[in-house]
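Report on one structure; see the data block that follows.
Letters A, B, ... are given to chains in the order of the sequence lines, protein chains preceding strands, and every chain is numbered from 1.
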Amino acid sequence: MKIDARHEKGVTILEPRGKITIGVGDVALRNAVAEALTAGASDILVNLEHVTTIDSSGIGELVSAYTTVTNRGGKLKLEKIPPKVSDILQITQLIQVFEIYDDEKEAVDSF
Amino acid sequence: MKIDARHEKGVTILEPRGKITIGVGDVALRNAVAEALTAGASDILVNLEHVTTIDSSGIGELVSAYTTVTNRGGKLKLEKIPPKVSDILQITQLIQVFEIYDDEKEAVDSF
Amino acid sequence: MQLAGEDSQVHLAVGSRFEDIELVQIVIAESLTRLRLDDDESEDIALAVREAVANAIKHGNRENPDKRVEVEVRLDGVEIEIRVTDEGRGFNPAGIRDPRETENLLRPDGRGILFMREFMDDIDYTFLDEGGTVVTLRKRLVSCSSEPTKEEEVE
Amino acid sequence: MQLAGEDSQVHLAVGSRFEDIELVQIVIAESLTRLRLDDDESEDIALAVREAVANAIKHGNRENPDKRVEVEVRLDGVEIEIRVTDEGRGFNPAGIRDPRETENLLRPDGRGILFMREFMDDIDYTFLDEGGTVVTLRKRLVSCSSEPTKEEEVE
Ligand SMILES: Nc1ncnc2c1ncn2[C@@H]1O[C@H](COP(=O)(O)OP(=O)(O)O)[C@@H](O)[C@H]1O
Ligand SMILES: Nc1ncnc2c1ncn2[C@@H]1O[C@H](COP(=O)(O)OP(=O)(O)O)[C@@H](O)[C@H]1O
């Protein structure tokens with residue numbers, strides 16, 4: 001699990017790669033979000049394009065990140081979710097919670 | 001396990017790839033040698049360059065092939081043996097049995 | 001309906017560290033490879049097993065590395081059954097809250113059992129008298145044919 | 001000399017088909033990955049286990065797929081011990097001929113135990129009263145340090 005961060009018009013884009021799963025990827029995601037917040041980010045876009053597996057712990061970390069960012073007055077949105085992640089967001093009904101984009105420009109402009 | 005066969009100056013060169021191990025690769029090697037003999041080959045050079053693993057069954061098949069070819073008046077030699085195969089031929093003292101070459105031209109000319 | 005040639009049982013016991021989940025995943029993946037399931041079906045099974053083993057480690061064995069998690073995989077031509085056993089004190093499945101209820105949506109946890117239910121046909125909990133929880137996951141296999149096709153036989 | 005953080009035990013039981021050897025190999029490889037052994041050391045161990053499991057399937061269980069082969073892997077910071085158990089009737093290890101003798105050199109078989117001996121530090125046979133052969137393979141690990149280096153800790 002490796003998470004790249006880049007910036008686009010004031011939005012911090014986090015790009016996890018590989019597995020966001022219990023014990024490894026979930027912690028990495030938490031740390032990446034915490035780091036972004038410490039660096040002053042308030043608008044965060046998580047690109048899930050390169051995520052191969054996500055489990056309930058990984059989904060839990062996404063939810064926690066969402067809550068943390070929202071409570072601080074920022075926004076956390078998702079982009080480019082693979083079909084399996086989409087299924088999981090449907091199943092968990094988190095599809096109602098997250099704003100999700102396919103197009104990055106559109107996503108960035110929405111903040 | 002996949003075995004290519006080619007011909008060079010009357011010598012049949014067999015090139016197993018992958019594992020020559022019990023239940024799969026050993027059978028493939030036996031079949032490839034049998035096919036070469038049926039096709040009239042008498043001089044066979046086995047290129048071990050692309051063999052990743054060989055176990056005692058695989059070594060056993062090499063020995064059987066050697067015996068079969070020799071009994072029919074042909075020759076079976078080896079070329080390009082990886083370090084691990086070399087260790088194993090030392091350990092088993094089969095290094096005394098097989099003629100082994102690094103250079104293919106030299107190997108082919110030796111028949 | 002069991003075809004002798006396809007029957008297979010694998011039993012694996014590991015410690016209770018999260019890295020042990022990866023070992024289980026690898027064994028599951030290798031076992032499923034033989035069945036030639038489509039990727040989607042294999043992924044679903046692997047994910048359900050991941051959740052079951054994570055719960056066994058986290059809630060059952062409370063991450064005590066000396067406690068064991070056992071995983072049994074039974075395959076026949078038509079169904080896969082995976083049993084995951086821990087050494088914990090169990091819980092009341094009826095007491096589990098639905099993570100899809102509005103008031104639970106923003107909780108970070110509580111979705112593992114939902115995943116198992118959704119990705120398998122059937123899940124079932126048993127609590128052992130001597131202590132320990134067994135969760136049994138079952139799935140009928142649609143994409144794997146129980147008999148090889150002509151083409152495969154030739155191969 | 002056991003370091004708690006490095007202790008690990010894995011137990012695997014499979015059927016008696018040659019393809020089950022690959023499952024064992026995958027579990028061994030994954031277990032060894034955690035130890036960061038050098039490739040050569042890992043290959044040696046994997047090859048010895050391959051021979052032990054092949055013998056269990058071939059000679060012990062006579063390829064009866066309903067008979068089980070059990071593989072136990074015990075790791076501590078300094079040694080790996082692998083035990084392979086079959087359900088067969090055993091044999092007399094003292095009666096095994098040396099495959100390196102001139103008269104045996106051209107035999108196609110009889111080299112598995114030699115491989116185990118050469119690639120491990122120590123191998124040992126036990127025959128169970130209730131039937132079954134256990135071969136225990138041991139190797140002291142040289143390339144893996146039992147404590148992470150400074151650099152690894154930082155990672
Ligand atoms: N093997 C188990 N042993 C004990 N309790 C368990 C076990 N599996 C699940 N539970 C209980 O069920 C609850 C819900 O589990 P789950 O849906 O997987 O979500 P989570 O693990 O995120 O809490 C857990 O919080 C735990 O209390
Ligand atoms: N697990 C076992 N159960 C019964 N007999 C065994 C077992 N392992 C080895 N043997 C006996 O020892 C002999 C030598 O084994 P080995 O050196 O591995 O060579 P190979 O398997 O090629 O014969 C075998 O032929 C068999 O008679």
Where on [X] is there a heavy atom nearer than 4.5 Å to chain B: the side chain, the backbone, both, or neither?
{"X": "D:Gln25", "value": "neither"}
{"X": "D:Asn104", "value": "neither"}
{"X": "D:Leu106", "value": "both"}
{"X": "D:Leu47", "value": "side chain"}
{"X": "D:Arg50", "value": "side chain"}

Handout entry: Which portion of B:Thr67 sits near chain D, non-hydrogen atoms under 4.5 angstrom
Key = side chain
Completion exercise
The interface call for B:Leu62 against chain D, heavy-atom contacts under 4.5 Å, is neither
[X]/[Y] ion pair, N-O < 4.0 Å:
{"X": "B:Lys2", "Y": "B:Asp4", "result": "yes"}
{"X": "B:Glu15", "Y": "B:Lys80", "result": "no"}
{"X": "B:Asp103", "Y": "B:Lys105", "result": "no"}

Handout entry: Ring geometry between D:Phe127 and D:Tyr125 (parallel below 30°, tilted from 30 to 60°, perpendicular above 60°)
Key = parallel
Practice task
Flag the one option from B:Ile91, B:Thr21, B:Ile54, B:Thr53 with the top tally of heavy-atom pairs under 4.5 Å to chain D.
Solution key: B:Ile91
Exercise for the section: Among the options B:Ile59, B:Ile88, B:Val97, pick out the one with the most heavy-atom pairs lying under 4.5 Å from chain D. Expected result: B:Ile88
Handout entry: Reference residue D:Ser16; test side chain to side chain donor-acceptor pair (under 3.5 Å); the match among D:Asp66, D:Asp86, D:Asn61
Key = D:Asn61
Problem - Name of the residue among D:Glu51, D:Arg138, D:Arg117 meeting side-chain contact (heavy atoms from CB on, under 4.5 Å) with D:Ile123 - result: D:Arg117
Practice task
Give me the one residue out of B:Leu78, B:Ile13, B:Leu37 that meets side-chain contact (heavy atoms from CB on, under 4.5 Å) with B:Ile44.
Solution key: B:Leu37
